[in-house]
Amino acid sequence: DLFRNFPISREEILQQLTERVFTSGVQRSPVYVDQLTILILSEPASSFQNYFKKFKGRLDHMIHMTPKIALDFLDSIKPLLKYDSIYKDNLIVSLKKSIYQSDYDVRKVGLYGLVSLLSTTKLPTFLPSSQASQSMSLSQSQSQMSRSISMSQEKMAEKSCLEIFFVLRRCLTQQPQIRSKLYQSCHGLIAQNPTLVGPILNILLVQLEGYLIHSDMVTIFNLAKCLRTNEKNEVELVEPIDVLLHAANIFNQKYQSLNL
């Protein structure tokens, strides 16, 4: 009621609430995130018009929070992002930078954050349906993405979505744990945003293609490329192929059902 009836107090309330999200410990931060979520969902977007102008500098702090709290905070402010494209662009930049940090948890925040932003972005014409179900080379895929970017220059939401896809592709060159998290985190997008099924399936198939050996008669799975022997003479998994295959199968089934 205080926030609704006294506009002059809104900025102070939001500032104090957000400060507590960032500065409280792991035990208390979720409480303030929940309060911020309730506030945003219960009030019109116009009530927060000055909110982002005050807190753009805090984005780099967000990526250093624990992954769960950072993602919960991002989910809480996500309904407002469509009203401030500049803030959303700044958020994407911060999340992109976090992908290349040395700290594993920071990279997880970046990855989860980018995938979360994808859940609300519609991308209806990313891939021709005849190509999305085929294994494509990386160069072909990048060429297609470049053409898509040029076609959607006037559509800021689609442009942001394509930027995120470029970053997620780069995640495929990172350590196995990050790639595994990427494959797993994509699962939730099927229900949240079916328009991304084709593009994500394409990413998974391009990655899977690197572990296949094609001949005139058969296609052989090259398991040796997924393993390596470390300095201690122990066998390590360098590609979480089980998670990749599971994700590819789920997305392929969904893609087929959408194109019946």
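Atom set for the values below is all heavy atoms of this structure, side chains included, hydrogens, waters and symmetry mates excluded.
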**OP:** Please assess L212 against I220 for the test side-chain contact (heavy atoms from CB on, under 4.5 Å), listing each intermediate value before the final yes or no.
**Re:** CA-CA 6 Å; L212 301 178; I220 303 172; over 6 Å; no
Original post:
side chain to side chain donor-acceptor pair (under 3.5 Å) between T37 and D75: does it pass, once the steps are laid out?
Top reply: CA-CA 8 Å; T37 301; D75 284 339; over 6 Å; no
Subject >> Chi angles and distances behind the side-chain contact (heavy atoms from CB on, under 4.5 Å) call for I164, V115 >> reply: CA-CA 8 Å; I164 294 173; V115 172; over 6 Å; no
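Within the 4.5 Å cutoff, the side chain of L111 has no heavy atoms near those of the R107 side chain. For the pair T66 and D105, the minimum side-chain heavy-atom distance is 4.5 Å or more. Side chains of N252 and L205 form no contact here, defined as non-hydrogen atoms less than 4.5 Å apart. Taking 4.5 Å as the limit, some side-chain heavy atom of F221 sits within range of a side-chain heavy atom of C226. Using a 4.5 Å cut-off on side-chain heavy atoms (C-beta onward), F165 and I200 make contact.
Remark: side-chain polar atoms of R228 are not paired, donor with acceptor, to backbone N or O of E236 under 3.5 angstrom. At distances below 3.5 Å, at least one donor-acceptor pair connects side-chain atoms of S185 with backbone N or O atoms of K181. Under the 3.5 Å distance criterion, the side-chain polar atoms of N193 are matched with a main-chain donor or acceptor of L118. The main-chain N or O of Y112 is never found under 3.5 Å from a side-chain atom of S116 such that the two would form a donor-acceptor pair. Side chain of S94 to backbone of N90: a donor-acceptor contact under 3.5 angstrom is found. S180 contributes no side-chain N or O that, together with a main-chain N or O of Q177, makes up a donor-acceptor pair within less than 3.5 Å. In this structure, K96 contributes its side chain and V167 its backbone to no donor-acceptor pair below 3.5 Å. At least one donor-acceptor pair closer than 3.5 Å links the side chain of S29 to the backbone N or O of V21. Side-chain atoms of E163 never come within 3.5 Å of backbone atoms of D89 as a donor-acceptor pair (strictly under, hydrogens ignored).
In this structure, CD on Q184 lies 10.0 Å from SG on C186, to the nearest 0.5 angstrom. Interatomic distance, I99 CD1 to L95 CG, rounded to the nearest 0.5 Å: 7.5 Å.
Sequence neighbours left out, the pairs with a member in residues 167-190 that pass ring-ring contact (aromatic ring centres under 6.0 Å, His included) are H187-H246.
For F73 against V33, the heavy-atom pair with the smallest separation is N-CG1, 3.9 Å. The two residues A70 and M62 make their nearest non-hydrogen contact at CB-O, 3.6 Å. Taking every heavy atom of both residues into account, L196 and C161 meet most closely at CD2-SG, 3.9 Å. Of all non-hydrogen atoms in K225 and N222, the two that sit nearest each other are CG-ND2, 3.1 Å.
No single ILVMFWY cluster, assembled from side-chain heavy atoms under 4.5 Å apart, contains both V93 and V109.
Side-chain atoms of R20 and Q35 include no donor-acceptor pair closer than 3.5 Å.
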